[in-house]
Participant: 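One structure, pasted below without further comment.
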2 protein chains.
Amino acid sequence: MFSQTVEYALRAVVFLAHKAPNPGICEDIALGTKVPRPYMAKVLQGLVKAKILRSQRGLGGGVTLNIEPEHLTLLQVINAVDPVKRITTCPMDLASHGMNLCPLHRRLDNALATVEQAFGSTTLAEVLSEQNGSIPLCEFPPRRMPLQQINPPVLSRKKSWHNLPKSGKS
Amino acid sequence: MFSQTVEYALRAVVFLAHKAPNPGICEDIALGTKVPRPYMAKVLQGLVKAKILRSQRGLGGGVTLNIEPEHLTLLQVINAVDPVKRITTCPMDLASHGMNLCPLHRRLDNALATVEQAFGSTTLAEVLSEQNGSIPLCEFPPRRMPLQQINPPVLSRKKSWHNLPKSGKS
DNA sequence: CTTGAATAAGACTATTTTGTCCAATATCTT
DNA sequence: AAGATATTGGACAAAATAGTCTTATTCAAG
């Protein structure tokens, strides 16, 4: 139903949110989300292109959430990498149907609408804050070591890289 | 979101329902649903294998609905050709999650559940009876010539072929 | 019993999706 | 300026899906 790419993109975004506003490097993200590294790189590119992430090359770089979790919906992420294709015109292009979908396609599209609505109204922040026993992506929720094990601290990074010039578009 | 195969299978079933309990031949179905004939043949096979259709070889044969439209849900058709894959265990197989999906996958699965529910509670009969302006698949609902143009009558068929021996498996 | 109409089944091709690899480029640190 | 670290981008490989074609098999009717 949902493509792998969507799965991976959502995982990446959740992962990034965990360590926002710090950047994450592809290697870590791939490891932490159990996605093949080279493929994660490609997915990340898509998210950057859609302005959902912002990327920074070089030492201390990586990709960072470009939208606050409170304002980023799951639908935005999905649409960035593999858009939900609503049915707007008759797929059989029967001239007579036009905008007026037949009952069959009406129901198909309704299902899509429901999905769209569900993900469109769910923010990343909501996913993160929901405590239902398992923390998103992360091994053990109630225990001590939430991220460090999967995503070992890079102690060499001392300062400076978390307040890079916001890089507004100009 | 939905595969082509699902689309085609649903079209075929709706088409068949229109002319039930008479059988339809692949050629007609493909034409009437605007699906490439050879591919329709394959989709039909899947539906036969799932016992949703029954097939009859030879002259006067074709495929027939094997379940009354009142009892056939769209979900059955979908699952026959391209099953909805609910998320039952953590896709990242984090040992600790097990049955307990994290919020992210919980929402993904909820969406699937919603879709499953929607199609599971919709029967073919409902789709057929719904008059919302366009008849399912068919060009013009309020006019005279509903099926005949798309699916020209085979006058040579005189009798006998609609009460063929139910063809129980032995 | 032969023939024509129809499905069944499998091999085969093409396209899309998924996944991999490597070279080029950008950026920070020293 | 040099070197290390990251993303970018394109070429490539593998797998799944979509679509095609050909050859059986089956059945009814003459």
Side-chain angles (χ1 to χ4, degrees), chain A residues 1-9 12 16 22-31 33-49 53-64 66 81-83 85 91 154 156-165 167, chain B residues 1-9 11-12 16 22-31 33-50 53-64 66 81-83 85 91 154 156-167 169:
Chain A
M1 202 67 155
F2 299 103
S3 67
Q4 281 297 89
T5 307
V6 162
E7 247 282 337
Y8 294 168
L16 257 325
N22 296 351
I25 70 176
C26 183
E27 170 85 14
D28 287 349
I29 303 172
L31 237 51
T33 57
K34 302 207 178 179
V35 173
R37 263 155 298 172
Y39 198 63
M40 177 53 86
K42 191 171 284 186
V43 173
L44 257 18
Q45 276 182 44
L47 293 174
V48 167
K49 210 162 295 173
L53 302 182
R54 150 176 30 111
S55 67
Q56 178 69 24
R57 290 184 175 185
L59 222 185
V63 295
T64 319
N66 200 23
V81 295
D82 190 5
K85 282 173 284 296
V154 180
S156 54
R157 291 172 183 174
K158 300 186 197 68
K159 52 157 206 295
S160 78
W161 51 269
H162 65 271
N163 52 7
L164 5 108
S167 86
Chain B
M1 199 68 157
F2 298 104
S3 66
Q4 281 299 90
T5 306
V6 163
E7 247 282 336
Y8 294 168
R11 288 189 201 174
L16 258 322
N22 296 350
I25 70 175
C26 183
E27 171 84 14
D28 287 349
I29 303 172
L31 238 49
T33 56
K34 302 209 177 180
V35 174
R37 262 156 297 174
Y39 198 64
M40 176 52 87
K42 189 172 284 187
V43 173
L44 257 18
Q45 277 182 45
L47 292 174
V48 168
K49 208 161 294 171
L53 303 182
R54 151 176 29 112
S55 68
Q56 179 69 23
R57 290 184 176 185
L59 224 187
V63 296
T64 319
N66 200 24
V81 296
D82 191 5
K85 283 174 283 296
V154 180
S156 53
R157 291 172 183 174
K158 299 185 198 67
K159 52 156 208 302
S160 79
W161 52 271
H162 64 273
N163 51 9
L164 5 105
K166 278 286 189 181
S167 92
K169 54 204 56 178

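Below, chain A is the first sequence line, B the second, and so on; all start at residue 1.
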Participant: Return the value, rounded to whole Å, for the distance between atom CZ of A:Arg54 and atom P of D:dT8.
Facilitator: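 So the CZ-P distance, A:Arg54 to D:dT8, works out to 13 Å.
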Participant: Where do A:Met1 and B:Phe2 come nearest, in terms of heavy atoms and distance?
Facilitator: CE-CE2, 3.3 Å
Participant: Check whether the side chain of A:Glu27 and the base of D:dA6 form a donor-acceptor pair under 3.5 Å.
Facilitator: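 Per atom types, no contact qualifies.
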Participant: Report yes if at least one side-chain N or O of B:Tyr8 is closer than 4.0 Å to OP1 or OP2 of D:dG19; otherwise report no.
Facilitator: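 For B:Tyr8, the contact criterion (side-chain N or O under 4.0 Å from OP1 or OP2 of D:dG19) is met.
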Participant: Could you walk me through whether B:Leu47 and B:Val81 pass side-chain contact (heavy atoms from CB on, under 4.5 Å), step by step?
Facilitator: CA-CA 7 Å; B:Leu47 292 174; B:Val81 296; 3.8 Å; yes
Participant: Within this structure, what is the CG-to-P distance between B:Asp82 and D:dG19, rounded to whole angstrom?
Facilitator: 13 Å
Participant: Do any N or O atoms from the side chain of A:Arg54 and from the backbone of A:Asn66 form a donor-acceptor pair under 3.5 angstrom?
Facilitator: no
Participant: Roughly, in whole Å, what's the span from NZ in A:Lys85 to P in C:dT16?
Facilitator: 12 Å
Participant: When you measure from the side-chain N and O atoms of B:Ser55 to the phosphate of C:dA8, is any distance below 4.0 Å, counting only OP1 and OP2?
Facilitator: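 Yes, because at least one side-chain N or O of B:Ser55 sits under 4.0 Å from OP1 or OP2 of C:dA8.
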Participant: B:Gln45 CD to C:dT7 P: how many Å, rounded?
Facilitator: 10 Å
Participant: Expressed as a whole number of angstroms, how long is the span from A:Gln56:CD to D:dT5:C1'?
Facilitator: 12 Å
Participant: In whole Å, I'd like the distance from the CG atom of B:Asp28 to the C1' atom of C:dA5.
Facilitator: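 Taking atom C1' of C:dA5 as the reference, CG of B:Asp28 is at 13 Å.
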Participant: Within this structure, what is the CG-to-C1' distance between B:Leu59 and D:dT26, rounded to whole angstrom?
Facilitator: 11 Å
Participant: Mapping A:Gly62 and B:Met40 to their closest nucleotides on DNA chain D, which lands nearer the 5' end?
Facilitator: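 First, find each residue's nearest nucleotide; the 5'-ward one identifies A:Gly62.
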Participant: Of A:Thr5 and B:Lys49, whose closest DNA chain C nucleotide lies nearer the 5' terminus?
Facilitator: B:Lys49
Participant: Separation of A:Tyr39 atom OH from C:dC22 atom P, in whole Å?
Facilitator: 19 Å
Participant: Can you give me the N/O atom pairs linking the protein to nucleotides 21-25 of chain D at distances under 3.5 Å, or say none if there are none?
Facilitator:
| unit_1 | atom_1 | unit_2 | atom_2 | d |
| --- | --- | --- | --- | --- |
| D:dT25 | O2 | B:Arg57 | NH1 | 3.1 |

Participant: Do A:Leu44 and A:Cys26 pass the side-chain contact (heavy atoms from CB on, under 4.5 Å) test, and can you show the C-alpha distance, the side-chain angles, and the key distance before you say yes or no?
Facilitator: CA-CA 8 Å; A:Leu44 257 18; A:Cys26 183; 4.0 Å; yes
Participant: Return the OG1 to CG distance between A:Thr64 and A:Leu16, rounded to the nearest 0.5 Å.
Facilitator: 7.0 Å
Participant: Are B:Lys34 and B:Arg11 side-chain neighbours, meaning at least one heavy-atom pair lies under 4.5 Å?
Facilitator: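 They are in side-chain contact.
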Participant: Applying side-chain hydrogen bond (donor to acceptor under 3.5 Å, both in side chains), name anything that partners B:Thr5, two or more places apart in sequence or on another chain.
Facilitator: B:Tyr39
